[in-house]
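Letters A, B, ... mirror the listed sequences (proteins, then strands); counts begin at 1. Below, all heavy atoms of this structure are taken into account, side chains as well, without hydrogens, waters or symmetry copies.
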2 protein chains.
Amino acid sequence: MRVTTWAEYGLIVSLHLAKEGGETPTPARDLAEREGLPGDYVEQILLKLRRAGLVKSVRGAKGGYFLAHDPQTISVKDVMEAAENRTFEVYCDAHRVNLSRCGPNGDCSLRPVWRELQRRIDEMLSSVSLADLMRQESEVEALVAQ
Amino acid sequence: MRVTTWAEYGLIVSLHLAKEGGETPTPARDLAEREGLPGDYVEQILLKLRRAGLVKSVRGAKGGYFLAHDPQTISVKDVMEAAENRTFEVYCDAHRVNLSRCGPNGDCSLRPVWRELQRRIDEMLSSVSLADLMRQESEVEALVAQ
DNA sequence: TCAATATCCGACGCCTAGGCTCGGAAAGCA
DNA sequence: TGCTTTCCGAGCCTAGGCGTCGGATATTGA
């Protein structure tokens, strides 16, 4: 079980824009270079974030991207879902290995485990905002420890 | 973020053996057929589970596999780690994209989030045993809901 | 009006790892 | 001596993660 670069980079990029603040657009290429990320790839990710309504873009010279909302109103989960389409995929939902077990009428004691896991992951990721991430690592550590 | 078939099948297989009970060996092929899983693949998974000490095997005719311990002492996390090597991989631990950020002296506010997420996932998966999973789906659902 | 700068967007290419198969060696029964 | 079964490495196929590229469109400033 792992997080992809879509989510990881998506968060780095969003966080960068959050720190930038305001509505002055930052070009994708500048952002990528300053974060040490592949430029073309960052562009793809910003496109996804824009389609999800998390960032806004300005085209043409002097254009770029800026955050669409207040960092406090954007959660880690929001960014991950925008970048990765999902936070956690329940296997048996996607691949019905055995219909008599995985179907709606089946009885599979594993399903509740995955569902609950998904719930807790989402809960955790929803509870952290971009504003939270603008602090020092040590502060975030304290904040996040329940 | 998703669970692989290694973990999913590993759990199905372990659970099957738990229900079987006792020390009478069940052949991998029989198990696979009754669970509707690919036989050769199940064999690989059982091998992993054996190496992790979760199941024991008897070679030769009339041989097969049985659970090494009481189902109550084996958690979902145990099985997943045996089958998948890890429950949750923290991205920046595996791939240091940017040394000044991801290195030990770097300051990355994302790390605490992943670490805490990992902690909570492990906590959840440790709290459910194979014995718990031997119940009906609806019972497990109630059990697991915190 | 032209050149430079950016976003926009689809398509494609590499490579890893997940998911599964195969073939054969060793071990234990009948 | 067969038959069954575990053991184990090797290999195959595909999807998807991870990026790259090329060109169209929009905007700015000279």
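Between the side chain of A:Glu84 and the base of D:dG17, no donor-acceptor pair of N or O atoms lies under 3.5 Å.
Atom CZ in B:Phe66 sits roughly 12 Å away from atom P in D:dT6 (whole-Å rounding). When the P atom of C:dT7 is taken as reference, atom CG of A:Leu46 falls 8 Å away, rounded to whole Å. At whole-Å resolution of the value, CG in B:Leu47 and C1' in C:dG19 are 16 Å apart. Taking atom CZ of B:Arg29 as the reference point, atom C1' of C:dC20 lies 13 Å away to the nearest angstrom. Whole-Å rounding puts the A:Glu89 CD to D:dG17 C1' distance at 14 Å. Regarding A:Asp30, its CG atom lies at a distance of 11 Å from the C1' atom of C:dT5, rounded to whole Å. When rounded to the nearest whole Å, the span between NZ of A:Lys48 and C1' of C:dC9 equals 13 Å. Protein atom CE of B:Met1 is 18 Å distant from nucleotide atom P of D:dG16, rounded to whole Å.
Residue A:Tyr65 places no side-chain N or O under 4.0 Å from the OP1 or OP2 atom of C:dA6. Side-chain nitrogen and oxygen atoms of A:Thr5 include none within less than 4.0 Å of the OP1 or OP2 phosphate oxygen of D:dG17. Taking side-chain N and O atoms only, B:Arg50 has no distance below 4.0 Å to OP1 or OP2 of D:dT6. Phosphate proximity of C:dC9 to A:Arg51: present, with a side-chain N or O under 4.0 Å from OP1 or OP2. At D:dG16, none of the side-chain N or O atoms of A:Thr4 fall inside 4.0 Å of OP1 or OP2 (strictly under the cut-off). In this model, the phosphate group of D:dC12 is not approached by any side-chain N or O of B:Tyr41 to a distance below 4.0 Å at OP1 or OP2.
Between A:Glu33 and A:Arg29, none of the side-chain N atoms (NZ, or NE/NH1/NH2) sits under 4.0 Å from a carboxylate O, so this pair counts as no salt bridge.
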Residue pair A:Glu123, A:Arg120: steps toward the salt bridge (Lys or Arg N to Asp or Glu O under 4.0 Å) verdict
CA-CA 5 Å; A:Glu123 186 181 63; A:Arg120 295 201 193 181; over 6 Å; no

Working note: B:Glu8 + A:Trp114, criterion side chain to side chain donor-acceptor pair (under 3.5 Å); need CA distance, chi angles, decisive distance, verdict.
CA-CA 10 Å; B:Glu8 178 89 14; A:Trp114 302 139; 3.0 Å; yes

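Comparing B:His95 and B:Lys62 by the nucleotide of DNA chain C that holds the closest heavy atom to each, the one mapping nearer the 5' end is B:His95.
Relative to the side chain of A:Asp40, the nucleotides C:dC9, D:dT20, D:dC8 differ in distance, and D:dT20 lies closest. Of the candidate nucleotides C:dC29, C:dC8, D:dC8, C:dC29 has the atom lying nearest to any side-chain atom of B:Ala61. When the nucleotides C:dA11, D:dC8, C:dG18 are ranked by their closest atom to the side chain of B:Glu43, D:dC8 comes out on top. Counting only heavy atoms from C-beta on, B:Ser57 has its side chain closest to D:dT6 among D:dC8, D:dT6, C:dG10. Each of D:dA24, C:dC20, D:dC8 was ranked by its minimum atom distance to the side chain of A:Arg59; first place goes to D:dA24. In the set C:dG19, D:dG19, D:dT20, the nucleotide with an atom closest to the side chain of A:Tyr9 is D:dG19. The B:Gln44 side chain lies nearest to D:dC8 when the options are D:dC8, D:dG17, C:dA11.
The aromatic rings of B:Tyr41 and B:Tyr9 sit perpendicular to each other, their planes meeting at more than 60°, with 30° as the lower class boundary.
Summarising the geometry, atom CG belonging to B:Asp132 is positioned 5.0 Å from atom CG belonging to B:Leu143; distances are rounded to the nearest 0.5 Å.
A:Thr73 places no side-chain N or O within 3.5 Å of a backbone atom of A:His69 that could act as its donor or acceptor partner.
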